Amino acid sequence: MSAIKAAAAHIDWPRLTTSLGLKTETVAALGAFRKRNEEARRVLTDLQEQKTAVDFAHYRKVLKNQAVVDELEKAHKAFKATTYDVQAQIKSIDAVEAKALDRAKSTAAKVEFELADLQATLKNIETSRPIDELTADDVLKSRPEIAEKVDALLAKGKWDTKGYNDKFGYVTLF
């Protein structure tokens, strides 16, 4: 158990939230968990440092009514702490943990897919010909919808493209 405590104390929270590319809701949940954990540890430390033994001899010296002190000492010795069944809470925690684990696996799968797609895109960019070496036929072969659009415009008798002169200026050869 001490190994778990040591590992928990050495978590680099800022790096954990930024390096894994987590969703904002996951980062917020981790931050809330961290805050609750630190508060619980602080309260536990404060409680462990408090004095728990009752000095009944001191109260017998200070108080005149010895019967009250005897009665309190008897009640103190008879006291037994109540135990609670926390299985319901543990099941709830396990369910949240399983849900978080599923989300993490889903996020990891999405990241892997996006990474593979980006790698393929990068490879495509690196191996493609420079733009100045492309011909109109190459462009039409890779994007046939351009040829269809041009053919449709020519069939309608439209010889200029809307917005072309605004973007590139009006150029005439005559």
Side-chain angles (χ1 to χ4, degrees), residues 1-134 139 142-143 145-146 167:
M1 195 65 165
S2 64
I4 294 172
K5 289 181 183 179
H10 290 27
I11 294 175
D12 186 4
W13 290 99
R15 189 175 136 243
L16 177 71
T17 56
T18 57
S19 67
L20 295 180
L22 302 175
K23 292 182 180 179
T24 54
E25 65 184 30
T26 307
V27 172
L30 275 174
F33 172 75
R34 177 183 178 197
K35 189 182 291 185
R36 286 193 316 268
N37 186 19
E38 288 174 353
E39 179 65 20
R41 285 179 188 268
R42 187 189 60 76
V43 168
L44 178 65
T45 303
D46 290 347
L47 290 174
Q48 286 175 339
E49 291 174 355
Q50 289 181 359
K51 183 178 175 183
T52 58
V54 179
D55 186 10
F56 290 105
H58 169 71
Y59 289 110
R60 283 195 178 85
K61 291 178 190 174
V62 175
L63 298 175
K64 294 179 184 178
N65 191 349
Q66 299 294 314
V68 171
V69 176
D70 292 338
E71 194 175 317
L72 287 173
E73 185 175 16
K74 182 180 175 185
H76 183 270
K77 288 180 180 177
F79 175 76
K80 287 197 170 202
T82 306
T83 58
Y84 292 98
D85 184 20
V86 293
Q87 291 302 320
Q89 288 84 358
I90 290 174
K91 286 180 183 177
S92 173
I93 290 169
D94 288 342
V96 169
E97 181 182 350
K99 190 175 181 182
L101 189 60
D102 288 342
R103 282 186 183 169
K105 287 179 181 178
S106 172
T107 301
K110 287 178 184 176
V111 167
E112 289 295 326
F113 176 75
E114 289 178 17
L115 188 59
D117 187 41
L118 289 173
Q119 289 291 344
T121 303
L122 180 63
K123 184 178 180 186
N124 189 11
I125 290 170
E126 289 173 346
T127 59
S128 66
R129 287 189 294 173
I131 191 86
D132 56 352
E133 292 179 13
L134 288 179
V139 173
S142 68
R143 301 286 303 266
E145 65 270 11
I146 295 174
K167 189 170 183 180

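None of these values were measured; they are calculated from a predicted model. The first residue in the sequence is number 1, and the count goes up from there.
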- Query: Is a donor on one side and an acceptor on the other found under 3.5 Å between the side chain of Thr127 and the backbone of Lys123?
  - Reply: yes

- Message: Tell me whether Thr121 contacts the main-chain N or O of Asp117 through its side chain, where contact means a donor paired with an acceptor under 3.5 Å.
- Response: yes

- Spacing of OG belonging to Ser142 relative to CG belonging to Leu134, to within rounding of 0.5 Å: 8.0 Å

- Presence of salt bridge, Glu38 and Arg34, under 4.0 angstrom: yes

- Message: Please report the interatomic distance CD(Glu97) to OG(Ser92), rounded to the nearest 0.5 Å.
- Response: 11.5 Å

- Step through the shown structure and confirm whether more than 12 heavy atoms of other residues, nucleotides or ligands are within 6.0 Å of CD1 on Ile131. no

Which atom pairs, one a donor and one an acceptor, fall under 3.5 Å between side chains of residues 67-83 and the rest of the protein, sequence neighbours left out?
unit_1	atom_1	unit_2	atom_2	d
Asp70	OD1	Arg60	NE	3.3
Asp70	OD1	Arg60	NH2	2.8
Glu73	OE1	Arg60	NH1	3.3
Glu73	OE1	Arg60	NH2	2.3

- Full working for side-chain contact (heavy atoms from CB on, under 4.5 Å) between Glu25 and Arg103: CA-CA 11 Å; Glu25 65 184 30; Arg103 282 186 183 169; 3.5 Å; yes

- Partners passing side chain to side chain contact (heavy atoms under 4.5 Å, CB included) against Ile90 (at least two apart in sequence or in another chain): Val86, Gln87, Asp94

- Separation of Glu112 CD from Gln119 CD (nearest 0.5 Å): 10.5 Å

- Message: Let me confirm one number: the CD1-CG distance from Ile125 to Leu118, rounded to the nearest 0.5 Å.
- Response: 9.5 Å

- State whether the number of non-hydrogen atoms from other residues, nucleotides or ligands found under 6.0 Å of Phe33 atom CZ is greater than 12. no

- Does a side-chain N-to-carboxylate-O contact under 4.0 Å join Arg143 and Glu145? yes

- Query: Just one of Arg41, Arg36, Arg42, Lys35 clears the side chain to side chain contact (heavy atoms under 4.5 Å, CB included) bar with Glu39, so which one?
  - Reply: Arg42

- Note on the structure: Here the gap from Lys23 atom NZ to Thr107 atom OG1, rounded to the nearest 0.5 Å, amounts to 5.0 Å

